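Reminder, nothing fancy here: chain letters follow the sequence lines and each chain counts from 1. Predicted model, so just to flag it, every value in this text is computed and none were measured.
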Number of protein chains: 2
Amino acid sequence: MAYKYVHLFSEGNGKMTSILGGKGANLAEMISLGMPVPHGFTVSTEACIQYYEGNKTISEDIVSQIKNNVRSLESTSGKKLGDYNNPLLLSVRSGARASMPGMMDTILNLGLTGACCESLAKITNNPHFAYDSYKRFIQMFADIVMGVPKHKFEEILSESKKEKSASLDTNFTAENLKEIIIKFKKLYKEETGSDFPEDPYYQLMEAIKAVFRSWDNPRANIYRRMNGIPYSWGTAVNVQIMVFGNLGENSGTGVAFSRNPSTGENELFGEYLMNAQGEDIVAGVRTPQPISHLKEAMPEVYEEFYKYAKKLEDHYTDMQDIEFTIESGKLYILQTRNGKRTAKAALKIAIDLVKEKKITEEEAILRVDPQQLDSLLHPQFNPETLKKSSSIGKGLAASPGAACGRVVFTAENAKLQNKNGEKIILVRNETSPEDIEGMLSSEGILTVMGGMTSHAAVVARGMGICCVSGCSEMKIEYKEKHFTLSNTKINEGDYISIDGSTGYIYTGKIETVPPEISGDFETLMGWADKYRRLEIRANADTPKDVAQSIKYGAQGVGLCRTEHMFFEDQKIKIIREMIVSKTENERKHALDRLFPLQKKDFKGMFIELKSLPMTIRLLDPPLHEFLPSEEEDIAEIAHEMMISTEELKSIIENLHEVNPMMGHRGCRLAVSYPEIAKMQTRAIIEAAIEVKKLNPEYDIVPEIMVPLVGDEKELKFVKNIVRQTADEIISDNNTNLIYKIGTMIEVPRAAVTADKIAQEAEFFSFGTNDLTQMTFGFSRDDISKFINAYYDRKIYEADPFKHIDEAGVGNLINLACNLGRKTNPNLKIGVCGEHGADPASIKFFDELGLNYVSCSPFRVPVARLAAAQSAVKLNKNNICAYLK
Amino acid sequence: MAYKYVHLFSEGNGKMTSILGGKGANLAEMISLGMPVPHGFTVSTEACIQYYEGNKTISEDIVSQIKNNVRSLESTSGKKLGDYNNPLLLSVRSGARASMPGMMDTILNLGLTGACCESLAKITNNPHFAYDSYKRFIQMFADIVMGVPKHKFEEILSESKKEKSASLDTNFTAENLKEIIIKFKKLYKEETGSDFPEDPYYQLMEAIKAVFRSWDNPRANIYRRMNGIPYSWGTAVNVQIMVFGNLGENSGTGVAFSRNPSTGENELFGEYLMNAQGEDIVAGVRTPQPISHLKEAMPEVYEEFYKYAKKLEDHYTDMQDIEFTIESGKLYILQTRNGKRTAKAALKIAIDLVKEKKITEEEAILRVDPQQLDSLLHPQFNPETLKKSSSIGKGLAASPGAACGRVVFTAENAKLQNKNGEKIILVRNETSPEDIEGMLSSEGILTVMGGMTSHAAVVARGMGICCVSGCSEMKIEYKEKHFTLSNTKINEGDYISIDGSTGYIYTGKIETVPPEISGDFETLMGWADKYRRLEIRANADTPKDVAQSIKYGAQGVGLCRTEHMFFEDQKIKIIREMIVSKTENERKHALDRLFPLQKKDFKGMFIELKSLPMTIRLLDPPLHEFLPSEEEDIAEIAHEMMISTEELKSIIENLHEVNPMMGHRGCRLAVSYPEIAKMQTRAIIEAAIEVKKLNPEYDIVPEIMVPLVGDEKELKFVKNIVRQTADEIISDNNTNLIYKIGTMIEVPRAAVTADKIAQEAEFFSFGTNDLTQMTFGFSRDDISKFINAYYDRKIYEADPFKHIDEAGVGNLINLACNLGRKTNPNLKIGVCGEHGADPASIKFFDELGLNYVSCSPFRVPVARLAAAQSAVKLNKNNICAYLK
């Protein structure tokens, strides 16, 4: 027997999502629950895969399976496809494994031809309905199957409205509609070169192919990339007997949620429209009624629907998003799925369901999308004001939250204006470490260049500031102090609003609403902490960051980037002095002045941390990052440093690197200038000793981390410097502070030789940003030039800087864990790259049995929840991460 | 019993080099052969390792073992250390596992004290000898053990010579020497703060420690790095009873080779000096006599020595370098070792030894250092003229050979002047691809920046042009048209000479002698080809290169870098047009014009190759490499291209990359611009078909290689483009050309996912340069800023761009081979990076069972010999590379 590619709804069930898609599986499930679902069949996702493999054709076999199933519907309904005595009409709708609302296409009223339409008018005694349905079908088929631009039909419609003085589509008379159909068919022929098809089977096959094709449309591709849905899954197609909401004033269609998707309140929430088909609700030409009105208008129908809604919610134990149609007073359910909801609603619903004893705490944990939590922790635009605003462009959603302020083009200016009480959006081609203070003074940051892990993005996320990066269509004229985007010119001082959660950029002010952490949030986080295995730490560089991190539940600092401390006014000057030093003595002199400042920072952090651990990374970036790059700044700084501009330029030139990311940085600095590592060690150890002296109850164990190690000898060399310095201070202080020395694994060679490196390291921390760059051999700063071609050609489906690349980078991480633990079974292993806050990556790290992940303070709750979800899932699958 | 760290010569044998060092083992061996070797003992290399581990002290245990052995020498000799009735005097000499001539230290006449010296004068009745010996000892001990500058002693000596009107040291009277000793001792005290030691055991222990320390002196470190000798081996110390060549006119000392080390002639070759100690021969104050004179002066001694020399040569079956001393007419052999020799001599000796049936062909193969062959294939300086020249500086020996010519600072100028018949040395800060024609017009290239794998170095080696790179002390003033080095100012047009085999730079003309390939060379290469398993291919980009490669024995082209074809005048213009194209059509138009030119190049290469294979790499470098970087050039080229300077600048700026090595290059270009890959495929396939049509007997199977692949989908995408293009042409031509598509493994991710990549690839070629860069995470362009610190701190002992890093990069290569062959057991695997010509790396690749290595044409003989050596060694160790 041939392989089954087409399944009647009555042959399926709710668990068959991978073959039937979510919609198809739920339709099957509802049928088995005895709900009033119009019958139909699902062309499986496997047929879609075959369609693409077969050079975009549907095989004979599948065509014949479809035809057999149509015949089955014919016998169920007593109608016949294309029979103008009693025509069977069908809807054709997409339905992928994962819900992708609005991404793919739907065709209604399929099966109508000129003759069928006439007969339908007669049978129903409702010519208006028949012509309305045919008109709709022609328009949808032309648009979706043949790609005739929608607006051309809309133009005909609005002309007709003018002509007939009809304010709404529903005002057209049957005669009007008939005329419109003629015009539509004419347009169809003009645009496609052929007559509108009269063969219903041809219509059906073309419609199914169009739905398959819509799997590969740009918005679907982008949606999948954003949501980590594999292209290879394909979509199913659901072919269902039409029921009609446009059959008159006794008919209608609607969408409702079993609970309120904004607030989570346990109340039916939704809209409906009488004498309409599904698309009318979305189109917004007529205003739908709230579902509560149905209670008054059609109390029995409402009661029946309410009962089904509750039944479906209980069945799926989650809030449902349900589509329904009322045909001449009879209710049909057309679709149900778990409803999309706001973060606030997600929390409330999950917790309420636990209270109602419908789900367990573990299940509740799985019900909230960790990514969504972001919106609870950052300001958001007032949704009402936002609706009225139109965006002028879009960049990458680099750091969540919404911000509004005056445009400023330099960090300097941002600082100044902010002191004057202005709210600032800093707009730059890109940011660099010297901009940090200005960034801190801004509400939001907008850049032309740079991806999700550019300097601007990383720093903004760390600070919890909103950032839109990589808006490459924007052109800044620094000298003229303006920028242009979509032909709009924005001057310095003008207000703009940016949304770091969506990437959109708006002109003018949009009101923001502050974040609000509810009791539900605390409850769910409590459960998350109860079930997760992975420790969550934060990347924090200042006492303020540390406090914020702990507030959000971090169990320590996983990465303190010491260089971030260097960008305040006084320190940056000393750092620059150090860099231009010609002798070791000059350098030591500068370091001696830096020492008390750095020690003070560490003390502040140890005080905040009390007994929580902190991993401190020794100086990492290439030194040229601390020097200015703009002509004017060079002159100014040279003057400050009392050297000639020429001299400073020549120093900068000398430090120039062809590939700075692979240059003189990381532990290579400590190897060249051990005095820097010594100073930093001294600052860490003295700070720890002094804080412990005043607070003997604190259990302070500094973890000193050597970056960019590629060879065990390299680590050994730097370790010896650190050990000697630390042990001397400890013994001079007659105390017995314990400290640890470990390394970052961020160079492929370190992963490959991790067994040897583990001989010298007490802990590993994966620097997944750099490891990703070097494993792929591309620089995140340069990837924008070709990455879109890679997405377009489906070579990459996800951003490896966002989700860990399991096959490549992940493989090296796995290797390094195994090799490292072979040498030292107690090796503590964590992750401190951007991936530490990505739920999919967190699950991967959990499976590898890592000890912790570390992420920016504002992502800590996301990571806590993601780690809990991972633990629940692993537990469910009986996978013991420890023993894998 | 305590572990044995000290071995009497009579307790050892010639195989114990790892413990006794080469010298110690050979001394032991000679004793067992019954040769007149003064007795002594060896402090083992293990003791040296212990010395360094023990914080530079000799353990009690080893001190007592040394003392016991001294007592043994005392009883053998009947003399006693420090006994002024009959003092035992000793020599203390270094001796590592591998011969490191002149790198470490020697102390003679140890054991002398004031009193012993007086008694020695009496016993020998030769006060001159006694004082001479004591004087020498003080000087050596002060220099080597205490670090007192030598020249301070020399000053005393030359003053004394003036005072006493003595022209030579030997002219001093005993009285003179006594005065000098007093002055020496005074100087010693001034410099060291203590009296010259009178305790012979103290002298001995300090001398042994000094020899241990000399293992770590800068010249030894550099020598080891050059020769791949591990620091961890340590050196042994040989303590030997002194025999005296300075006992009068009946005494003397000399060095001789059992065959001529310059020519390989089978004749005793060497020098000696009467009434002298070893150091005098090297010092050059007195002129030594050729060894042949000894035959007349002391025929019996000569005969005896001749007999020993032959016996030693026969014993070691190799040419020996022998040190001897004649004490009062009696011959002593002090050292023997395999003699260093020129390449020419090495060949002759190896082949003669086979003819003499003393060694097998396999052994002969092992006797010639592959690296040395270089000198046979490139011009060299006339050694006589060279002796008279003094260098003004040194860079990296980047491409072998010697060259002399007028200084020119631009590639343009080099081309021009060369057309006028001038010989040119092109001097640049660095070179870039646009300089290629100028480089081709030069005799040699000298650069300030760049390492062994910089553009200048790689291109020069490929072309067989001499190159000295990375001479960072040189300062070029392009505008003033001169450069300075060691305070010497060289103007454009001045003659300089550079030696790419040593890195030295000389002012003025030094005569060069052309390379000369002898019959011996052909003989040895024939044997090499007979025994090696690895195939040797060449990296060649032009028909001329191909011809050269085949002449040197290449079995095909392993890497044809298509972009190297693009730098000739006409082509570079079209390439630039392509780059500035704004639309795909404009780009295609430029490519259409490039196509016939590229096809012509491929045809030329296929014709030269006949049936030999060729791997052609699709366009690899980032496009900005083809655009000018200097202000003037930009203006000129913009004019040529008929666009504004501003526009060209903006295009260049747009193409700018932060980390170009990790940017838009390799197959990323083909993914973005498939039309480039199409054009190149068309050129390759049409060229192959046309050449085959005219020469049906040629077996042409083009191997098309996709560079920088990191994901199998990436390769699949490009492969599909290539396949479609190629198959269409083949079918249009009604022919059936076979071609292969493979990839470079040069990104760590490709190595880690090689099993998947092998699903799409018919062959792998390791791009070890890039793989090394990305595995270590450092850029070869930037490494110079920190690599010396790494050498100084012994973190690295070898340049990973020269010798493959087995533990890291090698591990990934091994992994990729295993994964790749798991998927496709017939996968053809080669190497086309710089390591393809490095003998140590070749052995590693041979062990992994790779199919071939590919290197620059001039290195092909080196690779052939190295591959043969590897095969012989693997065979000897019963390692079957295939089955590992």
Side-chain angles (χ1 to χ4, degrees), chain A residues 622 654-666 668-669 671-674 708 710-714 716-717 746-753 756 770-783 785-790 792-797 805 807-809 811-812 815, chain B residues 622 654-666 668-669 671-674 708 710-714 716-717 746-753 756 770-783 785-790 792-796 805 807-812 815:
Chain A
N654 251 318
L655 286 172
H656 167 80
E657 293 182 306
V658 183
N659 296 292
M661 123 118 268
M662 308 174 83
H664 194 182
R665 50 175 288 242
R668 295 164 197 163
L669 293 170
V671 170
S672 304
Y673 310 117
L708 212 74
D711 190 296
E712 75 278 10
K713 287 191 196 159
E714 210 173 12
K716 193 174 180 180
F717 177 82
E746 49 187 336
V747 161
R749 195 178 190 281
V752 175
T753 62
K756 290 182 199 145
D770 276 2
L771 191 59
T772 299
Q773 296 193 79
M774 293 184 197
T775 303
F776 275 92
F778 51 52
S779 138
R780 64 191 189 195
D781 295 310
D782 300 309
I783 193 176
K785 292 206 171 67
F786 54 87
I787 197 72
N788 282 328
Y790 274 70
D792 290 348
R793 302 174 189 340
K794 311 252 164 31
I795 297 172
Y796 296 152
E797 295 190 62
D805 155 49
V809 181
N811 203 320
L812 282 177
L815 181 71
Chain B
N654 251 318
L655 287 171
H656 166 79
E657 293 182 307
V658 182
N659 297 292
M661 124 117 266
M662 307 174 86
H664 195 182
R665 48 175 289 240
R668 294 164 197 165
L669 293 171
V671 170
S672 304
Y673 311 118
L708 213 73
D711 191 294
E712 75 278 10
K713 288 192 194 158
E714 209 173 12
K716 192 174 180 180
F717 178 83
E746 50 187 336
V747 162
R749 196 179 188 281
V752 175
T753 62
K756 290 181 198 144
D770 275 2
L771 191 58
T772 299
Q773 295 194 79
M774 293 186 199
T775 303
F776 275 93
F778 50 53
S779 140
R780 64 191 189 196
D781 295 310
D782 300 310
I783 194 175
K785 291 207 170 67
F786 54 86
I787 198 71
N788 282 329
Y790 274 69
D792 289 349
R793 300 173 189 346
K794 311 256 165 29
I795 297 171
Y796 297 152
D805 156 48
V809 181
N811 203 321
L812 282 176
L815 180 70

Tell me if a side-chain donor or acceptor on [X] pairs with a main-chain N or O of [Y] at a distance below 3.5 Å.
X	Y	value
B:Arg793	A:Phe717	no
B:Lys713	A:Tyr790	no
A:Asp782	B:Glu657	no

Side chain, backbone, both or neither of [X] within contact of chain B (heavy atoms, under 4.5 Å):
X	result
A:Lys794	backbone
A:Ser672	both
A:Glu746	neither

Please evaluate residues B:Glu714 and A:Tyr796 with respect to the criterion side chain to side chain contact (heavy atoms under 4.5 Å, CB included), reporting the C-alpha separation (whole Å), side-chain torsions for both, the decisive distance (0.1 Å), and the verdict. CA-CA 9 Å; B:Glu714 209 173 12; A:Tyr796 296 152; 4.3 Å; yes

Residue B:Glu712 versus chain A: region with a heavy atom under 4.5 Å: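 Neither the backbone nor the side chain of B:Glu712 comes within 4.5 Å of chain A.
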
Heavy-atom pair of closest approach, residues A:Met661 and B:Met662: CG-SD, 3.7 Å

Heavy-atom nearest pair, A:Met774 first then B:Gly777, reads SD-CA, 3.4 Å

Heavy-atom pairs under 4.5 Å with chain B: which of [options] has the most?
options	value
A:Leu655, A:Ile795, A:Asn811	A:Ile795
A:Leu669, A:Leu812, A:Val671, A:Asn654	A:Val671
A:Asp711, A:Thr775, A:Ile783	A:Thr775

Report the distance from atom NZ of A:Lys785 to atom CZ of B:Arg665, rounding to the nearest 0.5 Å.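 One gets 14.5 Å once the value is rounded to the nearest 0.5 Å.
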
